[in-house]
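Notes to accompany the following structure.
Everything numeric here is computed off the predicted structure, so don't read it as measured data.
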Amino acid sequence: MRLVEAGREAEVRPDLVPGALARDGVVLIRQGSIAEVKALLDRWTVPVDHPHQVADGLTVIAPRLRTDEDDNEAGFTALALSPHTDRSLHAQPPSVLATLMLTPARAGGSATLVDGVRVLSLVRQHAGDAEIAGLRLRTATGRPGPAVVEIGAGHARIRYRDDRIAGPYSTDGRTDLVVAIRRLIAETAETLHLGAGDGYLVHNHRFLHGRTAFTGDRSLARLLARVNSDHPYAWLNRGFSIASS
């Protein structure tokens with residue numbers, strides 16, 4: 001398995017992956033296997049459970065014969081998934097997400113990645129932090145959810161989704177700000193083609209991820225994790241450095 005910096009193709013040593021995630025928010029995987037990715041994560045993270053997992057923190061995502069989009073299962077279809085934070089409505093979303101392509105789609109199915117640092121920097125040109133704090137997620141049933149951007153002491157954390165389960169709104173009535181963040185996410189999204197054995201590691205509090213619609217029997221392994229509490233980069237569990245934005 002090879003680990004490389006996004007956009008630069010410089011190799012990243014396995015022991016330097018946490019630092020690369022802290023700096024860039026993403027590390028690309030080339031010619032990897034589930035066992036190799038799991039072994040890499042086991043060095044410095046602990047798995048985070050998911051209702052659809054087949055092993056601790058591991059879910060295989062592929063179209064099913066029957067799914068219910070209203071039951072948060074759109075990922076198990078061939079439909080496009082808009083950029084989102086995994087487990088965005090939960091109290092403590094995982095801080096690390098890894099994906100590995102097992103079987104590429106016949107057509108389509110490219111990954112989409114959005115750097116939240118870039119989005120936040122652009123949003124700050126439209127509004128101050130107090131107004132940004134008024135952006136929240138609201139479920140389709142009208143239940144208010146968490147803040148889209150949580151800014152703390154030196155760190156920020158993004159929780160985002162915009163689908164049939166939940167979407168952004170402004171508690172301050174700043175509909176223009178909701179329009180702006182949607183536009184900025186769409187404009188800054190980058191597309192990544194993944195062949196068999198390819199994938200990525202992302203800081204789930206910083207990077208949004210999604211995919212384009214596809215045809216064929218596309219299957220992908222996803223691992224969710226949290227950085228060990230005694231690790232030097234345990235602060236990744238709180239978000240990304242606000243200085244980066």
How far apart are the C-alpha atoms of Val4 and Val12, what are their side-chain angles, what is the distance that settles it, and do they pass the side chain to side chain contact (heavy atoms under 4.5 Å, CB included) test?
CA-CA 5 Å; Val4 300; Val12 180; 5.7 Å; no

Quick one about His209 and Asp86 (side-chain donor to acceptor, distance below 3.5 Å, no hydrogens or angles considered), yes or no?
yes

Looking only at atom types and distance, does a side-chain atom of Thr77 sit under 3.5 Å from a main-chain N or O of Ala74, one as donor and one as acceptor?
yes

Could you check Tyr160 against Val119 for side chain to side chain contact (heavy atoms under 4.5 Å, CB included), going step by step and ending with a plain yes or no?
CA-CA 12 Å; Tyr160 190 82; Val119 171; over 6 Å; no

Quick check against the 3.5 Å criterion: does Thr85 have a side-chain atom that pairs as donor or acceptor with the backbone of Ser88?
no

Give the C-alpha distance, both sets of side-chain angles, the deciding distance and a yes or no for side chain to side chain contact (heavy atoms under 4.5 Å, CB included) between Leu113 and Leu208.
CA-CA 6 Å; Leu113 295 175; Leu208 312 180; over 6 Å; no

Side chains of Val227 and Val46: closer than 4.5 Å at any heavy-atom pair?
no

Minimum side-chain heavy-atom gap Ile158-His205 below 4.5 Å:
no

Value rounded to 0.5 Å, distance of CZ in Arg23 from CG in Leu16:
9.0 Å

Between Arg87 and Asp49, does at least one N-O distance fall below 4.0 Å, as a salt bridge requires?
no

Using a 3.5 Å distance criterion without hydrogens, assess whether the side chain of His231 forms a donor-acceptor pair with backbone atoms of Tyr233.
yes

Nearest 0.5 Å, what's the NE2-CZ distance between His203 and Phe240?
8.5 Å

Tightest non-hydrogen contact, residues Pro14 and Arg43, listed as CB-NH1, 3.1 Å

Set out, in order, the CA-CA distance, both residues' side-chain angles and the distance that settles side chain to side chain contact (heavy atoms under 4.5 Å, CB included) for Arg182 and Leu184, then state yes or no.
CA-CA 6 Å; Arg182 281 176 166 147; Leu184 292 169; over 6 Å; no

Pro93 and Asn204: which non-hydrogen atoms are nearest, and at how many Å?
CB-ND2, 4.1 Å

Pairs under 3.5 angstrom only: tabulate donor-acceptor contacts from the side chains of residues 94-104 to other protein residues two or more places apart or in another chain.
unit_1: Ser95; atom_1: OG; unit_2: Asn237; atom_2: OD1; d: 2.5
unit_1: Thr103; atom_1: OG1; unit_2: Ser219; atom_2: OG; d: 3.3

Quick one: does Asp129's side chain have a donor or acceptor within less than 3.5 Å of a partner on Ile132's backbone?
no

Using a 3.5 Å distance criterion without hydrogens, assess whether the side chain of Asp163 forms a donor-acceptor pair with backbone atoms of Ile165.
yes

Flag yes if Leu81 and Val60 sit in one hydrophobic cluster, no otherwise; membership is Ile, Leu, Val, Met, Phe, Trp, Tyr, and two members link when side-chain heavy atoms are under 4.5 Å apart.
no

Across all chains, not counting sequence neighbours, the salt bridge (charged side-chain N to carboxylate O under 4.0 Å, His left out) partners of Asp217 are none

Quick check: do Arg2 and Glu11 have side-chain heavy atoms less than 4.5 Å from each other?
yes

Determine the minimum heavy-atom distance between Ala105 and Thr215, stating which atoms define it.
CB-O, 3.4 Å

Give a yes or no answer on whether the side chain of Arg218 reaches the backbone of Gly109 with a donor-acceptor pair at less than 3.5 Å.
yes

Working to the nearest 0.5 Å, report the span between CD1 of Ile181 and CG of Leu122.
10.5 Å

Could you check if a side-chain atom of Arg222 sits within less than 4.5 angstrom of a side-chain atom of Leu58, using non-hydrogen atoms only?
no

Using modelled atom types and a 3.5 Å cut-off, is there a donor and acceptor pairing between side-chain atoms of Asp115 and backbone atoms of Val117?
yes

Does the pair Arg238/Glu150 count as a salt bridge with the N-to-O cut at 4.0 Å?
no

Assigning hydrophobic clusters by single linkage (Ile, Leu, Val, Met, Phe, Trp, Tyr; side-chain heavy-atom cutoff under 4.5 Å), is Val202 placed with Trp235?
no

Quick check on Arg143: does its CZ atom have over 12 non-hydrogen neighbours (other residues, nucleotides or ligands) under 6.0 Å away?
no

So if you build clusters from Ile, Leu, Val, Met, Phe, Trp, Tyr with side-chain heavy-atom gaps below 4.5 Å, do Leu41 and Leu220 land together?
no

Calculate, to the nearest 0.5 Å, the distance between atoms CG and CZ belonging to Leu236 and Arg157 respectively.
12.0 Å

Heavy-atom closest pair (Ala6 atom, Leu28 atom, distance to 0.1 Å) is CA-CD1, 3.8 Å

To the nearest 0.5 angstrom, please state how far the CD atom of Glu131 sits from the OG1 atom of Thr171.
10.5 Å

Closest non-hydrogen atom pair, Arg211 against Gly75:
NH1-O, 3.1 Å

Polar side-chain atom of Thr212 near backbone of Ser110 as donor-acceptor pair, under 3.5 Å:
yes

Could you tell me whether the side chain of Arg159 and the main chain of Val148 form a donor-acceptor pair under 3.5 Å?
no

Hydrophobic cluster membership, Ile242 vs Leu135, 4.5 Å side-chain cutoff:
yes

Quick one: are Tyr169 and Pro144 in side-chain contact, heavy atoms under 4.5 Å?
yes

Which side chain to side chain donor-acceptor pair (under 3.5 Å) pairs, counting each pair once, include a residue from residues 184-200, with sequence neighbours left out?
Arg183-Glu187

Flag side-chain contact, heavy atom, 4.5 Å: Leu177 against Ser170:
no

Considering all heavy atoms, the nearest Arg161-Pro168 contact
O-CD, 3.7 Å

Short question: side chain of Gln53, backbone of Gly57 - any donor-acceptor pair under 3.5 Å?
yes

Passing candidate, side-chain contact (heavy atoms from CB on, under 4.5 Å) with Leu40, options Leu201, Thr45, Asp15
Leu201

Are Leu223 and Leu21 linked, directly or through other ILVMFWY residues, by side chains that come within less than 4.5 angstrom of each other?
yes

Measure the spacing between CZ of Phe76 and CZ of Arg64 and express it to the nearest 0.5 Å.
4.5 Å

